[in-house]
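In what follows, a structure is listed as structure tokens, so that the remarks can point back to it.
Residue numbers start at 1 and run along the sequence shown.
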Amino acid sequence: MTNQEAISILERKTTIPGDGYTWEQIEEAINVAVAALKANQVGSEPLTLEQLRGKINEPVYLYIYDTALDSGWHILKAVTEDKIIFRGWNTVYVPISSIGKCFDLYAYPPAHIDREAWEPCEFCPKCGRPLTEEGWAILEKRLRR
């Protein structure tokens, strides 16, 4: 069952047997919906290989650590044992061994604050500039909402 088929079943006002669907079809629609929700959970963490394999033909955000290169959205074509291939990239791929070292893949663009550009006033409690790594993490989390 595709996501669209599951959506059409679950969007109906009544989804009971005799209404065009069997209990098995309703249960399958619920399972498909739950799997889709789990695969698309938005968190602050990069996508895992398992999550990436569930996003074939879907967009993912490629965040590249090297600021000389552009991060951006790409459609996943395949995730093999050693590389990730994007649609339209016939001979170019990113090696799985470089995840977490050179790039990360997200379900959404990660929040990024240029900490050096923040010009605090004389008293940080007045300007709101975070003083700890934990404070920065809380601020970035709030900005994602």
Side-chain angles (χ1 to χ4, degrees), residues 1-120 124 127-145:
M1 177 177 295
T2 66
N3 287 353
Q4 286 306 112
E5 291 169 334
I7 289 168
S8 69
I9 290 172
L10 296 174
E11 281 184 334
R12 295 185 70 141
K13 298 289 184 210
T14 56
T15 53
I16 56 173
D19 190 30
Y21 301 104
T22 65
W23 282 117
E24 290 79 19
Q25 288 172 311
I26 295 168
E27 183 180 6
E28 185 181 359
I30 292 169
N31 291 337
V32 168
V34 168
L37 287 171
K38 284 182 179 178
N40 290 305
Q41 283 180 336
V42 175
S44 60
E45 299 298 315
L47 294 168
T48 64
L49 284 176
E50 181 180 329
Q51 289 171 319
L52 287 169
R53 287 187 177 100
K55 291 188 152 295
I56 302 300
N57 294 318
E58 293 184 22
V60 294
Y61 191 84
L62 174 64
Y63 178 76
I64 302 171
Y65 295 0
D66 184 350
T67 56
L69 302 172
D70 291 330
S71 297
W73 290 101
H74 300 282
I75 305 291
L76 269 183
K77 181 177 180 182
V79 179
T80 68
E81 287 185 27
D82 60 344
K83 59 188 164 191
I84 298 169
I85 304 167
F86 298 104
R87 190 183 300 168
W89 292 22
N90 294 331
T91 58
V92 180
Y93 62 88
V94 291
I96 287 177
S97 61
S98 294
I99 292 177
K101 298 173 188 166
C102 301
F103 67 91
D104 283 312
L105 293 150
Y106 293 88
Y108 64 94
H112 175 72
I113 300 171
D114 183 0
R115 297 176 186 192
E116 300 304 318
W118 187 299
E119 295 180 19
C124 295
C127 77
R129 184 178 195 268
L131 300 173
T132 64
E133 287 300 314
E134 183 179 274
W136 280 107
I138 291 168
L139 178 59
E140 288 173 346
K141 185 176 180 181
R142 287 181 183 163
L143 289 175
R144 282 191 206 100
R145 291 184 191 167

If you apply the rule side chain to side chain contact (heavy atoms under 4.5 Å, CB included), what do you find for V60 with I84, and how did you get there? CA-CA 11 Å; V60 294; I84 298 169; over 6 Å; no

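- Put simply, the residue from D70, L105, L69, D104 that forms a side chain to side chain contact (heavy atoms under 4.5 Å, CB included) with L62 is L105.
- The shortest heavy-atom contact between K55 and A107 is CE-CB, 4.3 Å.
- Here NE2 of H74 is found 14.0 Å from CD1 of I85. Values are rounded to the nearest 0.5 Å.
- Of the options I56, L76, I75, a side chain to side chain contact (heavy atoms under 4.5 Å, CB included) to R87 is made by I75 and by none of the others.
- For D66, the side chain to side chain donor-acceptor pair (under 3.5 Å) criterion is met by no residue, not counting sequence neighbours.
- Residues E81 and I96 approach most closely at O-CD1, 3.7 Å, considering heavy atoms.
- The aromatic rings of Y106 and Y63 lie perpendicular to each other, with more than 60° between the two planes, well past the 30° mark.
- The structure places CZ of R53 at 12.5 Å from CG of L47, a figure rounded to the nearest 0.5 Å.
- With sequence neighbours excluded, the residues satisfying ring-ring contact (aromatic ring centres under 6.0 Å, His included) with Y61 are W73.
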